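To keep things clear, I will list the structure first and then write my remarks on it.
Everything numeric in this text was worked out from a predicted model, so none of it was measured. Chain identifiers are assigned alphabetically (A, B, ...) following the order of the sequence lines, protein sequences preceding nucleic acid strands; residue numbering begins at 1 within each chain.
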Amino acid sequence: MKYFAKKLAGFIATLLAVSFLVFLAFAVIPGDPATAMLGTQATPERVEALREEMGLSDPLAVRYVRWAADFVRGDFGTSYSYHIPVTQMIGDKLPVTLTLTVLSFLLIVCISLPLGITCARRCGGMLDHVIVVANQIVMAVPGFFSGILLTLVFGLILHWFTPGGYVSYRTDWWRFLGYLFFPSLAIALPKIAMTTKLLRTSVLAETKLDYVRTAYSRGNGTKAVLYRHVLKNALIPVMTFLGMALTDMVAGSIIVEQVFNIPGLGRILLTSISNRDYPVVQAIIVCIAFLVISINFLVDLLYKLVDPRITIE
Amino acid sequence: MMGAILTGVMLLFVLVGFFWTPYDPEAMDRSVKLAGVSLSHPMGCDNFGRDILSRVLKGSGTTLLVAVGTVSIGTACGILLGAFTGYFGGLVDEIFMRINDALFAFPSILLGLVFISLLGSGKYNVIIALGIAFIPSFARIVRSEFIRCKNMDYVRSARLAGAGDLRIMFVHILPNIMTVLSSSIMIGFNNAVLAEAGMSYLGIGVQPPDASLGRMLSEAQTYLFSAPGYAIFPGVVLILMVLGFSLLSEGLKE
């Protein structure tokens, strides 16, 4: 319970710190939001009136509290370029990016766990060597390049999917998922390699420990020792890594969305950055950061479930 | 070992690109538009008829330049921040670690995007943006190493001998953590190359006329079917660069 309370306090402190940093970053940049909204042709009187209306002349702390309160209520402000609420703009894009991330996470777990265990069991064998070398190479391939290669091979040569033929989840859920398969594979590939490698090393390190010998001497077979004893311990560093990998995957999906022409959060983020549409950029950044911090918080709680020995230093 | 060789080869490749390219990387020639691999153009030509090998040579130079700049900013600031907070501890350390944790919650490329949206794009802004984005991870490593070392015997004896705090920090402790640090610097290079390529691919990193591997890849995507080499060659060079750094970092760890 104390563990939970401490973690929760840390979680909330980090959330506040992140939101304040993001707010600060966008508050101190040169350029006036009122001018940005009205365009350069606006009269000084109108700009001044809008500044009053938007509360831009108030002190920074007041503006932060107001902004944070609005944010909690789900009001992310109004886009400078489209003059519609930001919530509306990112509302139906968020599920796309989330699905992409979840799908790649599932791919990582489903592929790298069996692969890592196989490698560790056949350590030193032919298959192990092949996978270790392949891992090293795949790890160095950036997601967007494997995306391009997947498009070339499976889209243009084998015609397994139509490049750019994205189907909205509102139209057809299954075809939406089908189209997201290759993008999520592109995001997952380097992480699959890293997870496999980590799991292999971790299992091999565990099997050298005393408790494994004890387990064997009590008459357990290799499989029983591996699945009932070793894996439990070997998975702990893998869990840490997967928590961190999720962070990267959210970022990776922003890039890979471009490769496969998927209208997710990445697309709006990029157009908003080039349009200098700060409320949208700010909202997306804060959303992603919150997502990441929440994931890390959940991973911390999961630790405690998997390994009750873990305590706060 | 493999990593050192590969990195060496890639550095040589980049170095050659600084002084000599087979063609002018900007020169356009409509007669060889999207030409395939040939003796005169070993990697073919792009949609403007520019020689891809020349552009890859120039582009990997840009990528490496950005990586060097980024890692320099990241390590320099990271060492300073990590050294002071780790060595002295206290309230400043506490506040700093909170901020660091908060920044750590952002993937570095996302942090880079934030700074780019504030600073504007271009080669030097990418270096600044990614450099700042890399500070937290270096600071964290240096800080924990300083905490580990600050009460060791050699530090105590240096203190007894009358060495000042600054001298202890940078003359005594710093050289002792270089092994740990050098491995993370190599990972830093690895990540910086990937981040730069990613940002340039998105069109918010290095801007034309500067050639960049990421940008080439995004331009090549339109011609993926008619000229696959246009995408594959820059991609492979990028992979080799990253591979070299990652192998080197693992070698240093051992």
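- For a residue to count as touching a neighbouring chain, one of its non-hydrogen atoms must lie under 4.5 Å from one of that chain's; by this rule Val281(A) touches chain B with the side chain only.
- For CZ of Phe88(B), the number of neighbouring non-hydrogen atoms (other residues, nucleotides, ligands) closer than 6.0 Å is greater than 12.
- Shown are Leu217(B), Leu194(B), Leu202(B); of these, the side-chain contact (heavy atoms from CB on, under 4.5 Å) with Phe144(A) is made only by Leu217(B).
- With a 4.5 angstrom heavy-atom cutoff, Leu291(A) does not touch chain B via any of its atoms.
- Your options are Val259(A), Leu15(A), Thr151(A), and the one with the most heavy-atom pairs under 4.5 Å with chain B is Val259(A).
- In this structure, the separation between CE on Met139(A) and CD on Glu250(B) is 5.5 Å, given to the nearest 0.5 Å.
- With a threshold of 4.5 angstrom between heavy atoms, Ile204(B) approaches chain A through side-chain atoms but not through N, CA, C or O.
- Heavy atoms closer than 4.5 Å to chain A are found nowhere in Leu240(B), neither backbone nor side chain.
- When heavy atoms are compared at a cutoff of 4.5 Å, Leu149(A) approaches chain B solely by way of its side chain, counted from C-beta outward.
- Side-chain contact between Leu238(B) and Pro142(A) is present, with heavy atoms from C-beta onward closer than 4.5 Å.
- Only the side chain of Leu270(A) comes within less than 4.5 Å of a heavy atom in chain B; its backbone stays farther off.
- Heavy-atom distances place both the backbone and the side chain of Ile148(A) under 4.5 Å from chain B.
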